[in-house]
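Structure first, then comments.
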Protein chains: 2
Amino acid sequence: MKLSEARQQFISSWGAFGTHWGINRTMAQIHALLLISPDPLTQDDIMEDLNISRGNVNMNIRELINWGLIERVLLPGERKEYFTAEKDIWKVVKQIVKERKKRELEPMLKLLDQLENVEGDKRDKNVKSFVDVISGIKKLGNQADKTLDTMIKAEETWFVGNLLKMFK
Amino acid sequence: MKLSEARQQFISSWGAFGTHWGINRTMAQIHALLLISPDPLTQDDIMEDLNISRGNVNMNIRELINWGLIERVLLPGERKEYFTAEKDIWKVVKQIVKERKKRELEPMLKLLDQLENVEGDKRDKNVKSFVDVISGIKKLGNQADKTLDTMIKAEETWFVGNLLKMFK
DNA sequence: TTTTATTTTCAAAATATATTGAAAATTCAA
DNA sequence: TTGAATTTTCAATATATTTTGAAAATAAAA
C-alpha cells in the first residue's frame, strides 16, 4: 500500500473510531492528521488536506487544545500559527482518560451520592431495587475512579510489563 | 429526595451519559429504567414511563438485546412480552467491554496491521512518522486487547480487591 | 498610523440521527 | 380457520449536530 493511500485510510478510520467515543468525526481526523505529520501544520494545511472549511478547522483545533491533545507552536520568523500533536500514544491515552474522568465519571459519582439517599421504606421493593442498583454502580465507579488515577500516573513501560501478569 | 424524582434524575443522566459513549440517549434511558425496575416491563410500560413511541421502544429494545444487556422474559399466562435487565453492574460492564472490543478495537487492530506495511523508504520522514505512530498504537492496542480479555473473565471480587493493590 | 495577513466568530445551510405512527406482519386463542 | 392482540417495519418527519463562509476581530508589518 502506498503512503498516501495508507494515510487516507488511517485518517478516515480514526475519524469513524472517534464517533464511537463521543468525539466528533472531524476533530478525530484533524488529530489523526497531526499525529502522522512529522512537522507542525497550519490551519491552511489542514483545510487543504482534509478538504474542510476554515471555520471548521479553527473550532476543532480549539477543542483539541482544550482536550490537551495538540498544541500551538510558533516557528521563528513565521507569521502563521502551527499545530502539532503529542505523538506518544500512551501519553495521549492518559490525557484522554484524565479528561473523561473529570468530565463524565466524577459528575456521575457525585450525582449517585445524592440519589442513594432517596427517602422511603427500604422494604418497598421499588425503593430497594433502586438503591441496590445505585449502590452497585457507585461501588464500581469509585473503584474505577481510583484505578484510573493510578493509571494516569503510571509509566507505559510499567503498564505494558506488569498489568497483564497481574491479571493472570 | 423522593423516589419518583430520583428515578427521573437517574434515567435522565444515564441517558446523557450514554451519549458520551456512542450510545443513543433513548437506548440508555430504557436500559436505566429496566435496571431500576424490580419486575420485568412490557413495551407499553416503557412507552408510558418514558413518553416515547412504540416504534422507538421496539427498535431500542432490539438493540439492547443485541448488546446483551437486557432479555425477553415470558411470564406464564401472559400474552405480552416482558423485558428485564441484568442488574449485576460488573456483569453489565464486562458485557459492554466485550462487545466494544469486538466491534471497535479488533477491527482497528486488523486495519493497523495492514497500514504498518506501507511501502516506501523508511528514511523518508513522512514514512517514518507514519509507521512510528501506527506501531505505537498497535503495541498499546494489542496490550489493551489482552488485558480486556482477562478482565472479561475476571470476577468482580477479584477486580475490586486486587487491581488497585497491583497499581500501587 | 494604515495596510495586509491571519484568526475567530456565528448565523444560516447542510447533513446526520432519532422519532413517530400507521400499516404490515406475526402470534396466539378461540 | 378466523380474528384479536401484539410486535415489527419503515417512510416521513422532527430534532440535533456539523459545516460553511463571509464578516468581524486581532495581530503584525509597512
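Letters go in sequence order (proteins before strands), and every chain restarts at 1. Side chains included, hydrogens not; waters and symmetry mates left out as well; all remaining heavy atoms used.
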Worksheet item: Atom CD of E81(A) to atom C1' of dT26(D): distance rounded to whole Å?
Response: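 Atom CD in E81(A) sits about 11 Å away from atom C1' in dT26(D).
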Worksheet item: Given atom CG of L50(A) and atom C1' of dT19(D), what is their separation to the nearest angstrom?
Response: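 Going from CG in L50(A) over to C1' in dT19(D) covers 13 Å.
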Worksheet item: According to the Watson-Crick and G-U wobble definition with distances under 3.5 Å, which dot-bracket string, read 5' to 3', encodes DNA chain D, using [ ] for crossing pairs and | for pairs with another strand?
Response: ||||||||||||||||||||||||||||||
Item to complete: Please check if I65(A) and L74(A) belong to a single hydrophobic cluster, counting links between Ile, Leu, Val, Met, Phe, Trp and Tyr side chain heavy atoms closer than 4.5 Å.
Response: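 No; L74(A) is not reachable from I65(A) via cluster members.
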Worksheet item: Same hydrophobic cluster for L64(B) and W21(B), using side-chain heavy-atom links shorter than 4.5 Å among ILVMFWY?
Response: yes
Discussion item. Restricting to salt bridge (charged side-chain N to carboxylate O under 4.0 Å, His left out), what partner residues turn up for E71(A), sequence neighbours left out?
Written reply: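 Here no residue qualifies.
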Worksheet item: By side chain to side chain donor-acceptor pair (under 3.5 Å), which residues pair with R72(B), not counting sequence neighbours?
Response: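 For R72(B), the residues satisfying side chain to side chain donor-acceptor pair (under 3.5 Å) (neighbours in sequence not counted) are E81(B).
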Worksheet entry | Residues that K98(A) engages under side chain to side chain donor-acceptor pair (under 3.5 Å), provided they are two or more places apart |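 Side chain to side chain donor-acceptor pair (under 3.5 Å) list for K98(A), sorted by chain: empty.
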Worksheet item: Strictly by modelled atom types, are E63(A) and N60(A) linked by a side-chain donor-acceptor pair under 3.5 Å?
Response: no
Worksheet item: For residues 67-80 of chain A, which residues have at least one heavy atom under 4.0 Å from DNA chain C?
Response: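 Residues of residues 67-80 of chain A under 4.0 Å from DNA chain C: R72(A), R79(A), K80(A).
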Which donor-acceptor pairs under 3.5 Å do the side chains of residues 22-34 of chain A make with protein atoms, sequence neighbours left out?
residue : atom : partner : partner atom : Å
N24(A)  : OD1  : T26(A)  : N            : 3.0
N24(A)  : OD1  : M27(A)  : N            : 2.8

Worksheet item: Is there a side-chain contact between Q43(A) and R54(A), using heavy atoms and a 4.5 Å cut-off?
Response: yes
Worksheet item: On DNA chain C, nearest-nucleotide positions of R25(A) versus R62(A): which is more 5'?
Response: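 Looking at the nearest nucleotide for each, R62(A) comes out on the 5' side.
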List the atom pairs, with distances to 0.1 Å, where a side-chain N or O of residues 106-119 of chain A and a protein N or O form a donor-acceptor pair under 3.5 Å, not counting sequence neighbours.
residue : atom : partner : partner atom : Å
E106(A) : OE2  : K101(A) : NZ           : 2.7
D113(A) : OD1  : K138(A) : NZ           : 2.8
E116(A) : OE1  : K138(A) : NZ           : 2.7
E116(A) : OE2  : S135(A) : OG           : 3.0
N117(A) : ND2  : D113(A) : O            : 3.2
E119(A) : OE1  : M1(B)   : N            : 3.4

List the atom pairs, with distances to 0.1 Å, where a side-chain N or O of residues 8-20 of chain B and a protein N or O form a donor-acceptor pair under 3.5 Å, not counting sequence neighbours.
residue : atom : partner : partner atom : Å
S13(B)  : OG   : Q9(B)   : O            : 2.5
T19(B)  : OG1  : A16(B)  : O            : 2.5

Worksheet item: Is there a residue in residues 52-60 of chain B whose heavy atoms reach under 4.0 Å of DNA chain D, and which residues are they?
Response: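 Result for residues 52-60 of chain B: R54(B), G55(B), N58(B), M59(B), sorted by number.
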Worksheet item: Of the residues in residues 30-49 of chain A, which ones touch DNA chain D at a heavy-atom distance under 4.0 Å?
Response: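 Those residues: none at all.
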Worksheet entry | Contact interval (first through last nucleotide) of DNA chain C with protein chain A, 4.0 Å heavy-atom |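 With heavy atoms of chain A under 4.0 Å away, the range is dT4(C) to dC10(C).
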Worksheet item: Is the shortest side-chain N to carboxylate O distance from K102(B) to E99(B) below 4.0 Å?
Response: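 Looking at E99(B) together with K102(B), the answer is yes, because their closest N to O distance falls below 4.0 Å.
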Worksheet item: Can you tell me if D49(B) uses its side chain to pair, donor with acceptor, with the backbone of I46(B) under 3.5 Å?
Response: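 No, D49(B) side chain to I46(B) backbone: no donor-acceptor pair under 3.5 Å.
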Discussion item. Please check: side-chain N/O of E78(A) versus main-chain N/O of K80(A), any donor-acceptor pairing under 3.5 Å?
Written reply: no
Worksheet item: Should the pair R100(B) and W67(B) be classed as cation-pi, given the thresholds of under 6.0 Å to the six-membered ring centre and 45° from the axis?
Response: no
Worksheet item: So which residues get pulled into L75(B)'s cluster when ILVMFWY side chains under 4.5 Å apart are joined, directly or through others?
Response: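 Besides L75(B), the cluster holds V73(B), Y82(B).
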